[in-house]
Asks: 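Below is one structure. I have some questions about it.
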Amino acid sequence: MEQKYSPKSIEQKWQRYWESSRAFQVGEDPDKEKYYLLEMFPYPSGRIHMGHVRNYTIGDVVARFMRMRGYNVLHPMGWDAFGMPAENAAIKAGTHPAKWTYDNIDYMRNQLKQLGFSYDWSREIATCNPDYYRWEQLFFLKMFDLGLAYRKSSYVNWCSKCQTVLANEQVENGVCWRCDTEVVQKEMEQWFFRITHYVDELLDNTFKMDGWPERVLVMQQNWIGKSTGSMLLFPLESGDGKIQVFTTRADTLFGATFLSLAAEHPMVSDLCRGKPQEAAVLEFVQKAKQSKRNEREADLLEKEGVFTGSYCLNPVTGKKMPIYVANFVLMAYGTGAVMAVPAHDQRDFEFARKYGLPIDVVIKPAGADPAPSAGELTRANEEYGILVNSAEFTAMASEPARVAITESLAKKGLAELTVQHRLRDWGISRQRYWGAPIPIVYCQKCGAVPVAEKDLPVVLPLDVELLENGGSPLPVHKPFYSTQCPKCGGEARRETDTMDTFVESSWYFARYSCPDFDKGPLDKERVAYWMPVDQYIGGIEHAVLHLLYSRFFVKVLRDLGYLQVDEPFKNLLTQGMVIKDGFKMSKSKGNVVDPDVMIRSYGADTVRLFCLFAAPPEKDLDWSDQGVEGSFRFLSRMWRLVSDNFEPLKSAAKGLSGHVDSDGLPPDLAALRRKTHQTIKKVTEDIRDRFHFNTAIAAVMELVNQIYQTLDNRKDHPLFWPLVRQAVEAVIVLSSPMVPHACEELWQTLGHQKLLLDTPWPQWDERALEAEEMLIVVQINGKLRSRISVPADATDKQVEQLCLADPRVAEFIAGKQPRKVVVVPKKLINIVI
RNA sequence: GCCUGGGUGGUGGAAUCGGUAGACACAAGGGACUUAAAAUCCCUUGCUCCUUGCGGGCGUGCGGGUUCGAUUCCCGCCCCAGGCACCA
């Protein structure tokens with residue numbers, strides 16, 4: 001065999017073999033337990049980056065491990081192929097988004113193959129293919145029928161650079177998640193998916209999804225933002241109408257002295273009409289609407305408002321409450337109207353001070369007597385406490401009072417206990433070209449009419465001229481937009497917006513179970529076999545976006561009868577970022593490491609090994625060129641272990657599957673045998689129970705070190721080579737999910753006919769783990785003082801006696817009588833004197 | 001402000017159920033082999049003190065506590081990262 005480890009030829013050899021033998025193709029096998037392992041599919045941006053390499057390496061280890069453990073493993077790969085970068089790149093390069101996308105897919109597929117990932121390539125999906133998105137258009141139609149897809153005019157987030165609307169989830173700190181452009185509010189007609197219909201289930205399940213990281217669940221809970229409170233009606237003084245308000249603090253209702261409305265509140269213009277304040281109000285509203293979203297939302301603006309000239313009545317005190325328009329009230333949350341309780345809400349307090357409005361104290365802190373007067377307050381007291389100045393509710397505690405006050409008003413039809421969520425419906429219209437067309441037609445006579453199912457797919461035309469400014473060419477592409485109304489046959493215009501690309505990624509995982517199915521989106525039998533995904537792996541950046549949308553979509557598909565699961569992903573692993581020199585790898589920082597270059601210099605196995613060894617998967621990984629060298633050195637060391645001892649190893653009779661009894665073995669061979677089995681146990685448990693590949697690799701390295709030591713101190717014994725061979729085979733088998741090419745080659749070189757891939761994962765022998773002697777740590781008063789070796793079967797009492805007989809121990813005790821002796825079996829003894 | 005993680009040598013990290021802190025690597029220093037280099041192999045490497053030993057003390061962000069024993073559990077702080085946030 002080759003003396004030197006040369007990954008290039010080995011890796012090509014095995015990659016070709018896996019491809020030609022279709023080694024990773026799977027079908028439904030009712031006799032085998034299925035395991036569906038999925039990594040988040042990439043956007044075909046051009047070439048893969050180290051983040052992908054890390055993500056997919058982690059997944060590949062699990063897939064190969066589970067396969068060797070006897071599961072029927074589905075491990076697919078595909079492309080999240082619609083999206084804006086394709087358009088921008090195509091405009092820049094004078095090409096077509098489709099060509100750009102498919103070229104990138106070809107390049108990146110090849111990159112993934114060079115890394116030796118065990119994908120079933122026969123199931124590959126590209127979401128920009130009409131055979132994929134046609135089903136999404138069908139879902140849209142079904143959702144439209146059920147009212148789960150609807151159109152409304154509303155203020156939406158607009159990114160001027162991307163020339164499109166963004167979902168709430170795609171706005172981060174007031175700027176576009178893609179290009180960091182300031183997002184402005186724009187009133188537009190948009191299509192929405194009614195994710196709020198599932199808000200309770202989406203939230204409730206987060207408390208049961210024990211296979212997900214806590215922090216992702218908490219992020220989703222925060223995003224959904226449930227708050228429990230009361231809906232209250234405040235009658236207008238004029239008598240014609242009521243204003244609806246949501247509050248979590250109905251216990252403070254007796255202290256509500258005015259009302260604040262959002263600038264966009266529909267009643268504002270009526271309330272100020274004909275009043276002396278009208279002009280000032282309209283000017284204020286105009287100004288507020290123009291202010292930028294992040295300025296208005298972040299705590300930057302000073303609280304300002306203007307009196308509308310109208311009053312409403314406090315439903316419990318009957319007092320007149322002036323109605324203001326205020327710049328800090330959001331139309332998007334609750335009803336866009338807030339009852340102001342200056343004594344118990346800091347914003348209202350500041351507002352009341354500024355405009356000279358009354359401050360009525362109605363809560364006193366528990367233990368404070370009497371309640372502080374309004375004049376004494378320097379800031380609002382927002383804590384729960386005991387009610388004062390609240391008629392029959394005085395002396396009640398806040399929480400029961402909140403309910404009691406609401407219920408008492410409910411009898412007059414002025415209140416109800418209710419729940420509000422922060423979550424808004426998902427706006428899916430995008431004014432972009434490279435996406436799935438929304439299957440709707442607008443007819444002068446019939447309005448918005450769904451395309452007939454039989455006319456699907458609505459194919460995105462490829463023969464378009466892209467516009468320089470990035471806007472969509474569809475609205476000016478007559479062959480596309482010009483059509484007939486499906487209802488009346490009259491002249492009509494197609495919807496020219498496309499769907500948010502997150503729609504594609506919300507169900508691709510289900511389509512992998514039957515990517516070739518053409519009678520519908522999902523083949524019931526196959527999808528029932530494979531779904532849900534048993535293990536999903538991807539970046540934390542999708543904690544809310546993709547992972548929430550997918551959860552929603554699965555519930556829709558379930559209710560449409562396509563799926564039988566409630567949640568898509570049973571277990572979720574969110575891997576950390578790849579960092580170099582303290583920063584996330586990025587072109588602007590100039591710290592990008594190109595996977596191609598690494599593979600060329602060291603081979604895929606080294607790159608894989610480094611990604612696994614440098615950190616546990618959930619932590620950020622610090623890229624280190626020396627660390628990569630170290631990984632390569634280890635693989636070379638493993639290679640030499642076989643090449644330097646090739647002849648004796650090859651002729652040694654017993655491989656890993658053979659049994660060797662430890663009776664009568666010399667100590668170093670007994671120790672090697674023990675270490676072999678300990679390593680099998682350690683690696684199995686580290687991968688199976690916690691995905692800690694770094695400690696699994698460390699354990700294999702320890703075994704390699706011990707094999708070298710054993711070889712250095714070689715003594716003749718008939719079982720020497722058989723035991724070394726067992727240890728070496730353990731190294732190869734246990735490493736194989738992580739560095740598959742090198743291991744497969746070594747395995748074959750040692751004379752195995754069967755692929756390592758199809759070799760069952762090794763079992764450890766419990767009896768082989770135990771030594772005849774065990775090392776006991778001796779503590780005196782909790783401090784480490786000595787170590788003694790005792791027979792493995794020694795009782796606690798015997799351990800104690802052996803310990804007291806130890807000269808070092810005797811010295812420390814110095815004849816004193818121990819007050820207490822604690823023995824931890826097989827580990828430690830602590831003598832207290 | 002609220003919520004969730006996290007803080008261990010020069011570095012990445014280990015210690016899985018309260019039981020030897022620093023496994024395994026990287027880096028550094030010293031040595032062997034070599035004409036030389038690369039590669040490989042061996043030794044040292046948390047800090048500190050002395051009488052240099054099979055030695056003593058200190059040490060897991062800080063301060064307390066529980067325990068025979070705490071990186072691990074409890075209480076109170078500090079710092080870092082992430083999420084939510086004028087949310088009524």
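Letters A, B, ... mirror the listed sequences (proteins, then strands); counts begin at 1. Excluded from the calculations below are hydrogen atoms, water molecules and symmetry mates; all remaining heavy atoms, backbone and side chain alike, are included. Worth saying up front: this structure is predicted, and the values here are computed from it rather than measured.
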Asks: So, is A:T248 close to the B:C87 phosphate, meaning a side-chain N or O under 4.0 Å from OP1 or OP2?
Replies: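 Answer no for this pair, as no side-chain N or O of A:T248 is under 4.0 Å from OP1 or OP2.
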Asks: I want to check one thing: is the phosphate of B:C87, taken as OP1 and OP2, less than 4.0 Å away from some side-chain N or O of A:R347?
Replies: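 The answer is yes; a side-chain N or O of A:R347 sits under 4.0 Å from OP1 or OP2.
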Asks: Can A:R402 be said to sit on top of A:Y384's aromatic six-ring, NZ or CZ under 6.0 Å from centre and within 45° of the ring axis?
Replies: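 Here A:R402 fails the 6.0 Å and 45° test against A:Y384.
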Asks: Reckon A:R787 touches a base, only the sugar-phosphate, or nothing at all at heavy-atom distances under 4.0 Å?
Replies: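 Answer is base: heavy atoms of A:R787 come under 4.0 Å of a base.
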Asks: So that I know where these two stand, are A:F258 and A:Y355 an aromatic pair - ring centroids less than 6.0 Å apart?
Replies: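 No - the distance between ring centres of A:F258 and A:Y355 does not fall below the 6.0 Å cut-off.
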Asks: Among residues at least two apart in sequence or on other chains, which ones pass side-chain contact (heavy atoms from CB on, under 4.5 Å) with A:S624?
Replies: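 By the side-chain contact (heavy atoms from CB on, under 4.5 Å) rule, A:S624 matches A:F610, A:Q626.
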Asks: Restricting to side-chain contact (heavy atoms from CB on, under 4.5 Å), what partner residues turn up for A:R347, sequence neighbours left out?
Replies: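 Once residues adjacent in sequence are excluded, the partners of A:R347 under the side-chain contact (heavy atoms from CB on, under 4.5 Å) criterion are A:K303, A:F328, A:D345.
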Asks: What does the list of N/O pairs under 3.5 Å between the protein and nucleotides 46-50 of chain B look like, with a distance for each?
Replies:
none

Asks: Can you tell me the distance, in whole Å, between the CD atom of A:E629 and the C1' atom of B:A38?
Replies: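 Between C1' of B:A38 and CD of A:E629: 12 Å.
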Asks: With A:R690, which residues qualify under salt bridge (charged side-chain N to carboxylate O under 4.0 Å, His left out), at least two apart?
Replies: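 Salt bridge (charged side-chain N to carboxylate O under 4.0 Å, His left out) list for A:R690, sorted by chain: A:D686.
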Asks: Polar atom pairs between nucleotides 29-33 of chain B and protein, under 3.5 Å, N or O only, would you list them?
Replies:
none

Asks: Given that both pair distances must be under 3.5 Å and the pair must be Watson-Crick or G-U, what runs of three or more consecutive pairs involve RNA chain B?
Replies: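 Stems (3+ consecutive pairs) listed as B:1-7 with B:78-84, B:10-12 with B:24-26, B:28-32 with B:40-44, B:46-49 with B:55-58, B:61-65 with B:73-77.
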Asks: Could you work out which one of B:C24, B:G57, B:U20 sits closest to the side chain of A:R785?
Replies: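 That would be B:G57.
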Asks: Please evaluate residues A:R787 and A:V778 with respect to the criterion side-chain contact (heavy atoms from CB on, under 4.5 Å), reporting the C-alpha separation (whole Å), side-chain torsions for both, the decisive distance (0.1 Å), and the verdict.
Replies: CA-CA 5 Å; A:R787 294 179 179 86; A:V778 182; over 6 Å; no
Asks: Expressed as a whole number of angstroms, how long is the span from A:F613:CZ to B:A23:P?
Replies: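 Rounding to the nearest Å, CZ of A:F613 and P of B:A23 are 12 Å apart.
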Asks: Just compare B:C86, B:C87, B:C24 and give me whichever is closest to any side-chain atom of A:R422.
Replies: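 For the A:R422 side chain, the nearest candidate turns out to be B:C87.
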Asks: To the nearest angstrom, how far is A:K783 atom NZ from B:U67 atom P?
Replies: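 Interatomic distance, NZ of A:K783 to P of B:U67: 18 Å.
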Asks: Identify each donor-acceptor pair in which a side-chain atom of residues 333-344 of chain A lies under 3.5 Å from a protein atom, sequence neighbours left out, and give them as a table.
Replies:
from	atom 1	to	atom 2	distance (Å)
A:Y333	OH	A:S227	OG	2.7
A:T335	OG1	A:Q244	O	2.7
A:T335	OG1	A:A337	N	3.4
A:T335	OG1	A:A337	O	3.4
A:H344	ND1	A:N381	O	2.9
A:H344	NE2	A:V362	N	3.1
A:H344	NE2	A:I363	N	3.1

Asks: What residues from residues 677-693 of chain A pass a heavy-atom cutoff of under 4.0 Å to RNA chain B?
Replies: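 The answer is A:K682, A:D686, A:R690.
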Asks: With a cut-off of less than 4.0 Å, is there a side-chain N or O of A:R637 near OP1 or OP2 of B:A39?
Replies: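 False: A:R637 side-chain N/O out of range (4.0 Å or more) of B:A39 OP1/OP2.
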Asks: Distance check, P atoms only: B:C43 and B:A25, in whole angstrom units.
Replies: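 Result for the P pair: 12 Å, nearest Å.
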Asks: Taking the six-membered ring for Trp, are A:Y324 and A:F351 parallel (under 30°), tilted (30 to 60°) or perpendicular (over 60°)?
Replies: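 The rings of A:Y324 and A:F351 stand perpendicular, inter-plane angle above 60°.
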Asks: What string of B, S and - do you get for nucleotides 2-11 of chain B 5' to 3' if you count protein non-hydrogen atoms under 4.0 Å?
Replies: -SS-------
Asks: How long is the gap from OH on A:Y549 to NE2 on A:H546, to the nearest 0.5 Å?
Replies: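 NE2 of A:H546 is found 11.5 Å from OH of A:Y549.
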Asks: Could you state the OH-P distance from A:Y324 to B:C86, rounded to the nearest angstrom?
Replies: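 Whole-Å distance recorded here is 23 Å.
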Asks: Could you tell me the separation between the CG atom of A:D620 and the C1' atom of B:G13, rounded to a whole number of Å?
Replies: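 Going from A:D620 (CG) to B:G13 (C1'), I get 14 Å.
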Asks: Going by atom type alone, with no hydrogens or angles, which donor-acceptor pairs under 3.5 Å involve a side-chain atom of residues 611-622 of chain A and a protein atom two or more places apart or on another chain?
Replies:
from	atom 1	to	atom 2	distance (Å)
A:E618	OE2	A:H692	NE2	3.4
A:D620	OD1	A:M577	N	2.8

Asks: Can you sort out which residues in residues 699-714 of chain A have a heavy atom within less than 4.0 Å of RNA chain B? Ascending by number, please.
Replies: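 Result for residues 699-714 of chain A: A:M701, A:E702, A:N705, sorted by number.
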Asks: Does A:R808 put a side-chain nitrogen or oxygen below 4.0 Å from OP1 or OP2 of B:G56?
Replies: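 It does, given that an N or O in the side chain of A:R808 lies less than 4.0 Å from OP1 or OP2 of B:G56.
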Asks: Taking only nitrogen or oxygen atoms into account, show me every contact under 3.5 Å that the protein makes with nucleotides 68-71 of chain B, one pair per line with its distance.
Replies:
from	atom 1	to	atom 2	distance (Å)
B:C68	OP1	A:K820	NZ	3.4
B:C68	O2'	A:N830	ND2	3.2
B:C68	O2	A:N830	ND2	2.4

